[in-house]
Every structure is written in C-alpha cells, then in structure tokens.
Enquirer: 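One structure, as structure tokens, below. Some questions next.
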Amino acid sequence: MPAQFNVAIVGGGIVGLVTAIGLQKRGIPIKIYEQSSMFRELGAGVAFTANAMKCMELLDPGIVDAVNAVATPNGEDMNNPNDYMRYHDGYHYDPTDPSNTDDKLLGLLFSGYKGFQGCHRAHLLDKLVKMVPESVVDLGHRFVGFEDRGPDKKLLLRFQDGTTAEADAIIGCDGIKSKVRQAILGVSNPASYPQFSHKVAYRALVPMNLVIPVLGTFKALNMHLHTGPRAHVLHFPVVNQTLLNVVIFVTQEEDWPLVDEEHASVLRSMTADGSRAELDAVFESWGPTVRSLVGLLPDKMVKWAIFDLHDRPLPTYVCGRVVLAGDAAHASSPHHGGGAGVGVEDALALSKLFEIVCESIKLDHDQDINQSRLNALLEAAFNAYDKVRPPRSQWLVKSSREACEIYEWAYPDTKDDWAKCMVEIERRSHKLWYFDIEGMLSELEMEYRKQLTRG
Ligand SMILES: Cc1cc2nc3c(=O)[nH]c(=O)nc-3n(C[C@H](O)[C@H](O)[C@H](O)COP(=O)(O)OP(=O)(O)OC[C@H]3O[C@@H](n4cnc5c(N)ncnc54)[C@H](O)[C@@H]3O)c2cc1C
Ligand SMILES: *[C@@H]1O[C@H](CO)[C@@H](O)[C@H](O)[C@H]1NC(C)=O
Ligand SMILES: *[C@@H]1O[C@H](CO)[C@@H](O)[C@H](O)[C@H]1NC(C)=O
C-alpha cells in the first residue's frame, strides 16, 4: 500500500463510524471529518434488524459487542426475549365496553432471536466513538466541496473554515442534508435535496415506572405498533427497560416550510416545536390505549419532519473516487426501522471493496503502485458499488413509504384487510432482514473485476 494512501470519511454518525471501524479493521488508513465539535446523537431510540447485525459482525465483531452492550431485548424476561412485532388496531373501540374491544391485536411477526432490540442512540454512539482512535478524527470540519484535480492526483476536500485536506477517496456519510451529495449531483439539481413525506414524528423517552401502570407490564416491555387512519404509534423499551421509546407518526398535508438560501430546496430545519395538546387533538377519537399513552408524553415536544429521497432517487451514488453511504445516498422514512441498517450494509460493501483494492495493489507489487493506477482501482471499486447497492437501498426508501400506508390502512392493495396487510408486512420485512450478504459481497467482487477489465 502506498505510504500516503488515505480515505476521507465525511460525517461521524452511525454510518460514518461503522464504515471507519470496518476500514480500520482491514488496515485501511482513514480520517473522519465531522462538522460538529463533538460526536452527537439524539436522545431517542434506534433498533437494528437481523441484516444489520450480521453486517456488523462481518465489519468488526466489536461493533456487535457495542450494540449488545446498550441494546434492550423485548419481553418481561430479558434472558428469554420475546422476539415478536405486534400490530394492533389503536383506533376502533366500543365506548360501552372499551376494555373488551380496545387495541385489538391484528397480527404478529416473528423478528428472529433478539431481532429487534432497542438502543439509546447517544449511548450507542459513545461506544462506537471509543473504537476509533482520536488521531484519525477531525472535529469541527464542515465539508463544503471537493476538487478532482486529475487522474494522477489525490482529491482535495474543502471545509467551511477555509482549510483543505487531501485524500485518495472520499466517502460521504454526511446524512440526509449531505453536502457530498450536492457536490456530486450539483447544487441546482433537485435530486440533491430530500423531500417531505407529509408525515411528522413526535419522539419521546418516557420513564418506564410511569408507563407500566398505564399500559401494563406486557405492553410496556414489548415492541408494539398501534395502527389507525392517518397516524400510527410505535413503542419499544430501551436502556435496560428503564425507558420507553415512543414515536408517534402523524400526517401533515401542508408543506414543510423551506427557506430559500442558495436554492429553493435548502432546508433550514427539519424540526419544529410541538406539543402534547396537538397530539391529544389528533388522537381524540382513537381508543383508550393510544390516548393514555399519548397522555404520558411531556407537554412540550419536538416534532421531526420526515424527509426522504423517495420522489427523486439519486441517478448515481458515485462520482469518480467520491461515494455516498447511509442517509446521504438513500435517506428513508423510518417505517421499516431499516435506514441505519441498510447504511451498515453500505459500510460492509465499501470495506469489502477496499479489501479487494488492497489485494490488487499487492498483485501489482505493493509500494510501486503509482497514483493513477491507484485511482483507477478505486474508481473501479466505486463503480461496482454503484451497480450493486442502489437497487436495494432505493427499494427500502419506496417500501418504507408504503409500509406507512399499510400501517395507516391506506395502501391500495391492502386497505384495512389485516390478513392482507400482514402478508405484505411479512414479505417486505423478510426482504429487509434476510438479505443475502454473501451474495452481495461476491456480486461486488465480480463487478469490480468487470470494471477493471473494461477500464
Ligand atoms: C424517527 C426515526 C426513527 C428511526 N428509527 C430507525 C431504526 O429503528 N432503525 C434504523 O435502522 N434506522 C432508523 N432510522 C434511520 C436512521 O436514523 C438513519 O438512517 C441513520 O441515523 C443515518 O445515519 P448516517 O450516519 O447516514 O447519518 P447521520 O446520523 O445523519 O450522520 C451524519 C453525520 O454527518 C455530519 N455532517 C453533516 N454534514 C456534514 C458536513 N458538511 N461536513 C462534515 N460532517 C457533516 C453530521 O453532523 C452527522 O454527525 C430512523 C430515522 C428516524 C427519523
Ligand atoms: C438491567 O436490569 C436488571 C434488573 O432489572 C439488572 O439485574 C441488570 O444488572 C441491569 N443491567 C444493566 C446493564 O444495567
Ligand atoms: C502507473 O503504473 C501502471 C502499471 O501499474 C503503468 O501502466 C503506468 O504507465 C504508470 N503510470 C505512470 C504515470 O507512471
């Protein structure tokens, strides 16, 4: 490997860190450029499906340990987890006999052993950060653009504060408002910007001792999704079952306000002040279970506008030696709980490709490799990624939107026919969870060889 070989990772969220850990494990020199002055995640939950856990294992088993250290299984006996997702009718009930009709179970889906464990995002990020040496992290570096100075040169990264850096390749893990995406597609390209899905999410972590008296132990400690018209409610336990992660999705017909800075689609903020009073109004005619759960939420809440890349899927994730991963490439609505997980698949795909590039370098007699040959290998690797990854990640973006319609009884093929809804939910969830990872890895290798012989 040439002495100065270096990969720049832009963004230190879950995907940037997991990518860094995977490359580091394979001996690839990296540098992470993160805009914030510290690593930060929300005080909210996240869960990983089976595909994500398996990719983490292949990236670096230490990542699985990090997740397990902060993950909370479902169920009353944590040593014997209850690995089901439960879909309920949160809406209908008989006011004359609410206790008998409220929140009826519509369907059950087995998610595999510990197949959907909740984590506190900030706790997980802390663990991941500890796996990366401080010397490879540059905090307070906001990427604004790159320059490709030719096939025999390194790339130049530019940061907001006027500083620059060089790298042989750039991985854009800078999230839904990605600047790397804008740099690849162009600032005036509408595909560079995410779109409002007309759903907003209210999120809260509620102390479990308040929840159990209201929901009962079983509902409080197991993942549930309460369906209904134009809204739905998801909850699962986190932090050793001491907190309940609650996410409430509500339809918002009006557009989300955009602020015209450089471009009409530049978003200033994807969050706004919200209140429990708004939710009380939305759920006024729903069943008592959902209403009482809403009653546990704080008076003042933040609401998140759910943006994604659904309406304008990216035509490419790659430009030369610059590549997008995670939300930068395929920001998805969260209705499959799969956005971060598919970003972890990207990280594994990239780790595998860098591994193969290193093998090519060895075959080329090691340190003698010149910059133009290295650049050609990296471009072949990223072109292979661009062939293999988009179909699956763009499927997730589309299916997540449809999953939301299913949960809200509005998907045209299933409406409120819950036998049909469950068949759809199972089919889509299985496609996400039981992903042929080995198949992806060999496809990447095949595409890389094809690109090189073509190259
Ligand atoms: C309500 C909700 C619930 C969800 N639940 C789940 C779930 O249960 N399971 C799941 O798998 N997924 C879930 N997701 C999706 C998941 O949150 C995202 O897919 C994931 O966090 C994306 O990670 P990322 O690293 O790609 O991006 P981010 O986490 O957004 O990280 C991007 C990083 O890049 C930095 N950055 C941005 N711009 C720049 C720049 N110009 N220069 C330098 N650094 C920059 C940011 O500061 C940040 O640290 C959910 C999403 C939402 C909205
Ligand atoms: C989780 O809680 C159980 C009992 O409630 C306790 O025995 C266990 O030590 C806790 N684990 C952690 C990691 O705090
Ligand atoms: C770089 O190396 C390749 C072989 O690995 C060779 O074909 C090419 O001519 C070299 N280019 C330069 C500019 O030295």
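First listed ligand is number 1; within each ligand, the first listed atom is number 1.
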Enquirer: With a 4.0 Å cut-off on N to O distance, would you call K362 and E359 a salt bridge?
Expert: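 Not counted as a salt bridge, because no side-chain N and carboxylate O are separated by less than 4.0 Å.
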
Enquirer: Within the structure, does G341 bring an N/O atom to less than 3.5 angstrom of an N/O atom in ligand 1?
Expert: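 Yes; at least one N/O pair falls below 3.5 Å.
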
Enquirer: Consider every N or O of R203 and every N or O of ligand 1, then say whether any pair is closer than 3.5 Å.
Expert: no

Enquirer: Give the numbers and elements of all ligand 1 atoms closer than 4.0 Å to a heavy atom of G13.
Expert: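 What qualifies from ligand 1 is 25 (O), 31 (O), 33 (C), 49 (O).
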
Enquirer: Is there any N or O on I176 that sits under 3.5 Å from an N or O of ligand 1?
Expert: no

Enquirer: Taking NZ, NE, NH1 and NH2 as the nitrogens, is one of them in R401 or E405 under 4.0 Å from a carboxylate oxygen of the other?
Expert: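 No.
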
Enquirer: Which pairs would a plain distance check flag for residues 328-353, meaning a side-chain donor or acceptor within less than 3.5 Å of a matching protein atom at least two apart in sequence or in another chain?
Expert:
| unit_1 | atom_1 | unit_2 | atom_2 | d |
| --- | --- | --- | --- | --- |
| H330 | NE2 | G326 | O | 3.4 |
| H330 | NE2 | D346 | OD2 | 2.6 |
| S332 | OG | S400 | OG | 3.1 |
| H336 | NE2 | S399 | OG | 2.8 |
| E345 | OE1 | R389 | NH1 | 3.2 |
| E345 | OE1 | R389 | NH2 | 3.0 |
| E345 | OE1 | R392 | NE | 2.7 |
| E345 | OE2 | N51 | ND2 | 2.7 |
| E345 | OE2 | R392 | NE | 3.3 |
| E345 | OE2 | R392 | NH2 | 2.7 |
| D346 | OD1 | R389 | NE | 2.9 |
| D346 | OD1 | R389 | NH2 | 3.1 |
| D346 | OD2 | G326 | N | 2.8 |
| S351 | OG | A347 | O | 3.0 |

Enquirer: Can you list the atoms of ligand 1 that are under 4.0 Å from a heavy atom of S36?
Expert: 47 (O)

Enquirer: Just to be sure I'm reading this right: ignoring hydrogens, which of E41, Q35, H330, R121 gets closest to atom 39 (C) of ligand 1? Compare them by their nearest heavy atoms.
Expert: Q35

Enquirer: Could you check whether D126 pairs with K130 (Lys NZ or Arg NE/NH1/NH2 to Asp/Glu carboxylate O, under 4.0 Å)?
Expert: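 Here D126 does not pair with K130 in a salt bridge, since their nearest N and O are not under 4.0 Å apart.
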
Enquirer: Between K153 and E147, is there a side-chain N and carboxylate O pair less than 4.0 Å apart?
Expert: no

Enquirer: What do we get for Y33 next to ligand 1 when only non-hydrogen atoms under 4.0 Å count, side chain, backbone, both or neither?
Expert: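 The part of Y33 near ligand 1 is the backbone, not the side chain.
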
Enquirer: For H141, counting its heavy atoms only, list the atoms of ligand 1 lying under 4.0 Å from any of them.
Expert: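 Numbered from 1, ligand 1 contributes 42 (N), 43 (C).
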
Enquirer: Check this for me, if you would: do D174 and K179 make a salt bridge, where the nitrogen-to-carboxylate-oxygen distance has to be below 4.0 angstrom?
Expert: no

Enquirer: Would you check whether K177 reaches within less than 4.0 Å of ligand 1, judged by its heavy atoms?
Expert: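 Contact absent.
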
Enquirer: Measuring from the heavy atoms of G338, does anything fall under 4.0 Å of ligand 1?
Expert: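 In this structure, G338 qualifies as a contact of ligand 1 - some heavy atom is under 4.0 Å.
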
Enquirer: Would you call R121 and E41 a salt bridge, using N to O less than 4.0 angstrom?
Expert: yes

Enquirer: Considering only heavy atoms, which of A340, G140, A47 lies nearest to atom 9 (N) of ligand 1?
Expert: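 Nearest option to atom 9 (N) of ligand 1, by heavy atoms: A47.
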
Enquirer: Using a strict cut-off of less than 4.0 Å between a Lys/Arg side-chain nitrogen and an Asp/Glu carboxylate oxygen, indicate whether R26 and E355 qualify as a salt bridge.
Expert: yes

Enquirer: Answer yes or no: is there an ion pair linking D148 with R321, defined by an N-O contact shorter than 4.0 Å?
Expert: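 Result for this pair is yes, salt bridge flagged.
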
Enquirer: Strictly under 4.0 Å, does any heavy atom of R40 approach an atom of ligand 1?
Expert: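 No, that is not the case, since the closest heavy atom of the residue is not under 4.0 Å from the ligand.
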
Enquirer: Within 45 degrees of the ring normal and closer than 6.0 Å to the centroid, is that where the cationic atom of R428 sits relative to Y411?
Expert: yes

Enquirer: In ligand 1, which numbered atoms sit nearer than 4.0 Å to a non-hydrogen atom of V15?
Expert: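 Numbered from 1, ligand 1 contributes 23 (O), 24 (P), 25 (O), 26 (O).
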
Enquirer: Below 4.0 Å from any atom of ligand 3, which residues have a heavy atom? Give them in chain and number order, please.
Expert: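 Near ligand 3, by chain and number: N370, S372, R373.
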
Enquirer: Measuring from I21:CD1 to I9:CD1, what's the distance to the nearest 0.5 Å?
Expert: 9.5 Å

Enquirer: Show which atoms of ligand 1 fall inside a sub-4.0 Å distance from at least one heavy-atom site of G326.
Expert: 26 (O)

